[in-house]
Amino acid sequence: MRRLSNEQYRNVIADVFGPQITVAGQADALQRSAGLLAVGARSARVTPSGFEKYYAMARSVAQQVVDQDNRRAMFDCEPKSPAAPDRECATRFFSRVGHLLYRRAVTPAELAVAVDAAGLRTQAAGDFYAGIATGLGGMLTAPQFLFIIDEIEPDPDRKGSVRLTGSAKASRLSFLLWNTSPDEELLAAAERGELHTERGRGRQVQRMMTSPRLEAGVRAFFDDFLR
């Protein structure tokens with residue numbers, strides 16, 4: 001597990017929700033280990049005061065996402081009533097956004113937590129989008145988002161061995177080359193199993209190296225390596 005840096009956090013928010021979303025404040029800085037922040041991220045923890053910072057940032061981001069000016073770009077559905085829960089629309093939103101934030105498919109249990117939290121808040125506030133902000137705030141403070149997790153699975157080609165999942169490989173590639181989370185195309189390739197083959201990985205790396213995001217990834221690498 002590696003905790004997101006403040007720069008990575010901002011990059012992910014901008015990529016998922018758009019550059020118009022402002023991240024107010026920042027979390028505790030990572031500490032260098034063996035001379036590198038990337039190594040220090042492996043032992044970084046979230047303290048109670050650090051969580052309060054994440055919580056404040058999450059609330060601010062979520063409120064901007066559901067703001068009247070951003071709704072049209074953020075949602076591909078509308079609630080049947082803006083004053084009542086709508087599980088279908090909430091599920092569509094959290095499935096799409098959660099896929100990008102967690103850098104893998106959202107599990108049914110994770111999805112239920114977000115949808116249920118949104119529904120309860122909507123009932124209390126009489127506002128569908130206030131409910132969505134509550135559910136989204138939960139996702140933005142979840143370990144699945146704040147930490148890059150090297151998930152593993154049995155290796156079908158080597159009996160008794162394990163390998164990184166396709167989604168974990170996608171995250172490694174993306175944070176190395178772009179310093180941000182995988183895009184939808186990279187995640188789709190991971191879920192098709194393409195990143196388990198040299199040809200599939202090569203195709204994605206070539207695509208990623210032609211992206212404008214490459215400059216940010218290379219700069220982040222040398223900023224860390226050479227301070």
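This structure is a prediction, so every number in the text was calculated from the model and none was measured.
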Next item on the list: Report yes or no: does Asp86 contribute a side-chain atom to a donor-acceptor pair with the main-chain N or O of Lys80 at less than 3.5 Å?
Entry: yes
Note to self: Distance check, rounded to the nearest 0.5 Å: Phe51 atom CZ versus Tyr54 atom OH?
What the structure shows: 10.5 Å
Check: Any side-chain heavy-atom pair from Leu111 and Ser95 closer than 4.5 angstrom?
Finding: yes
Check: Rounded to the nearest 0.5 Å, how far does CD of Glu215 lie from CG of Asn179?
Finding: 12.5 Å
Note to self: Just verifying a value: how many Å separate Ile132 CD1 and Arg71 CZ, rounded to the nearest 0.5 Å?
What the structure shows: 10.5 Å
Notebook entry, point to check: Looking only at heavy atoms, what is the nearest atom pair of Ile21 and Ile13, with distance?
Noted result: CG2-CG2, 3.8 Å
Notebook entry, point to check: Are Arg172 and Arg2 close enough, and set up right, to give a side chain to side chain contact (heavy atoms under 4.5 Å, CB included), and what steps lead you there?
Noted result: CA-CA 11 Å; Arg172 281 199 172 191; Arg2 301 177 301 287; 4.2 Å; yes
Next item on the list: Calculate, to the nearest 0.5 Å, the distance between atoms CG and CZ belonging to Leu37 and Arg227 respectively.
Entry: 8.0 Å
Notebook entry, point to check: Are any of the side-chain heavy atoms of Asp150 and Met1 separated by less than 4.5 Å?
Noted result: no
Note to self: Ignoring hydrogens and geometry beyond distance, is a side-chain donor-acceptor pair present between Gln206 and Thr210 at under 3.5 Å?
What the structure shows: no
Check: Are the side chains of Asp116 and Arg87 in touch, meaning some heavy atoms are under 4.5 Å apart?
Finding: yes
Item checked: Main-chain N/O of Met208 paired to Trp178 side chain as donor or acceptor, under 3.5 Å -> yes
Note to self: For Ala190 versus Gly166, what's the shortest heavy-atom pair and its separation?
What the structure shows: CB-O, 3.3 Å
Next item on the list: Tell me whether Leu186 is reachable from Val106 by hopping between hydrophobic residues (I, L, V, M, F, W, Y) whose side-chain heavy atoms are closer than 4.5 Å.
Entry: no
Note to self: As a quick check of understanding, evaluate salt bridge (Lys or Arg N to Asp or Glu O under 4.0 Å) for Asp15 and Arg10, giving each step before the final call.
What the structure shows: CA-CA 9 Å; Asp15 289 340; Arg10 283 174 162 75; over 6 Å; no
Next item on the list: Measure the shortest side-chain to side-chain distance between Thr134 and Thr122 over non-hydrogen atoms and say whether it is less than 4.5 angstrom.
Entry: no
Next item on the list: Answer with yes or no whether the hydrophobic clustering places Met209 together with Leu195; edges join I, L, V, M, F, W, Y residues whose side-chain heavy atoms lie under 4.5 Å apart.
Entry: yes
Check: Less than 6.0 Å separating the ring centroids of Phe145 and Tyr9?
Finding: yes
Notebook entry, point to check: When the ring planes of Phe75 and Tyr129 are compared, do they come out parallel, tilted or perpendicular, using 30° and 60° as the limits?
Noted result: perpendicular
Next item on the list: Give a yes or no on whether Arg213 atom CZ has more than 12 heavy-atom contacts from other residues, nucleotides or ligands under 6.0 Å away.
Entry: yes
Notebook entry, point to check: Which heavy atom of Pro85 sits nearest a heavy atom of Gly119, and at what distance?
Noted result: CG-O, 3.8 Å
Margin query: Nearest 0.5 Å, please: how far is CG in Asp76 from CZ in Arg92?
Written below: 4.0 Å
Next item on the list: Without swapping roles, check the side chain of Asn6 against the backbone of Gln26 for a donor-acceptor pair under 3.5 Å.
Entry: no
Checklist line | Polar side-chain atom of Ser174 near backbone of Ser181 as donor-acceptor pair, under 3.5 Å | finding: yes
Item checked: Same apolar cluster: Tyr55 and Val12, side chain cutoff 4.5 Å -> yes
Next item on the list: Could you check if a side-chain atom of Thr197 sits within less than 4.5 angstrom of a side-chain atom of Arg201, using non-hydrogen atoms only?
Entry: no
Check: Hey, is CD on Glu153 packed in by over 12 heavy atoms from elsewhere, all under 6.0 Å?
Finding: yes
Check: What heavy-atom pair brings Pro79 and Phe128 nearest, and what distance separates the two atoms?
Finding: CG-CD2, 3.5 Å
Checklist line | Reported CG-to-CG distance for the pair Leu214 and Leu176, which is rounded to 0.5 angstrom | finding: 9.5 Å
Next item on the list: Please check if Val113 and Val65 belong to a single hydrophobic cluster, counting links between Ile, Leu, Val, Met, Phe, Trp and Tyr side chain heavy atoms closer than 4.5 Å.
Entry: no
Next item on the list: Under the side chain to side chain contact (heavy atoms under 4.5 Å, CB included) rule, what do Leu101 and Leu140 come out as? Steps first, then yes or no, please.
Entry: CA-CA 8 Å; Leu101 293 178; Leu140 292 172; 3.9 Å; yes
Check: When you check the gap from the basic side-chain N to the acidic O, do Glu110 and Arg104 get nearer than 4.0 Å?
Finding: yes
Margin query: Is it the case that the side chain of Thr141 and the backbone of Gly137 share a donor-acceptor pair, with hydrogens and angles ignored and the cut-off at 3.5 Å?
Written below: yes
Margin query: Check Asp224 with Arg32, please: is the shortest side-chain N to carboxylate O separation under 4.0 Å?
Written below: yes
Notebook entry, point to check: In terms of heavy-atom contacts, does CZ of Arg219 have more than 12 from other residues, nucleotides or ligands at under 6.0 Å?
Noted result: no
Next item on the list: Verify, without hydrogens or angle tests, whether Gln204 (side chain) and Gly200 (backbone) share a donor-acceptor contact under 3.5 angstrom.
Entry: no
Checklist line | Side chain Arg103, main chain Gln144, donor-acceptor under 3.5 Å | finding: yes
Next item on the list: Kindly give the heavy-atom pair with the smallest separation between Met74 and Phe17, and that separation in Å.
Entry: CE-O, 2.6 Å
Margin query: Using a 6.0 Å cut-off, check whether atom CD of Gln20 has over 12 heavy atoms from anything other than its own residue.
Written below: yes
Note to self: I'd like to check Glu151 versus Leu164 (side-chain heavy atoms, cut-off strictly below 4.5 Å). Are they in contact?
What the structure shows: no
Next item on the list: Starting from the C-alpha separation in whole Å, work towards a yes-or-no answer on side chain to side chain contact (heavy atoms under 4.5 Å, CB included) for Leu136 and Val66.
Entry: CA-CA 10 Å; Leu136 179 57; Val66 302; 5.5 Å; no
Item checked: Side-chain heavy atoms of Arg3 within contact of Val46, under 4.5 Å -> yes
Checklist line | From CA spacing to verdict: side-chain hydrogen bond (donor to acceptor under 3.5 Å, both in side chains), Glu52, Ser49 | finding: CA-CA 5 Å; Glu52 289 180 5; Ser49 62; over 6 Å; no
Check: Looking only at heavy atoms, what is the nearest atom pair of Ala118 and Phe94, with distance?
Finding: CB-CE1, 3.9 Å
Next item on the list: Compare all side-chain heavy atoms of Gln8 with those of Thr180 and state whether any distance is below 4.5 angstrom.
Entry: no
Margin query: Please determine whether salt bridge (Lys or Arg N to Asp or Glu O under 4.0 Å) holds for the pair Arg45 and Asp28, giving the CA-CA distance in whole Å, both sets of side-chain angles, and the decisive distance to 0.1 Å.
Written below: CA-CA 9 Å; Arg45 301 179 179 180; Asp28 295 337; over 6 Å; no
Note to self: Hydrophobic clusters here meaning ILVMFWY residues chained together by side-chain heavy-atom distances under 4.5 Å, can you tell me if Phe221 and Val39 are in one?
What the structure shows: yes
Next item on the list: Run the numbers on His99 and Glu191 for side chain to side chain contact (heavy atoms under 4.5 Å, CB included), then give the verdict.
Entry: CA-CA 11 Å; His99 189 213; Glu191 289 158 6; 2.6 Å; yes
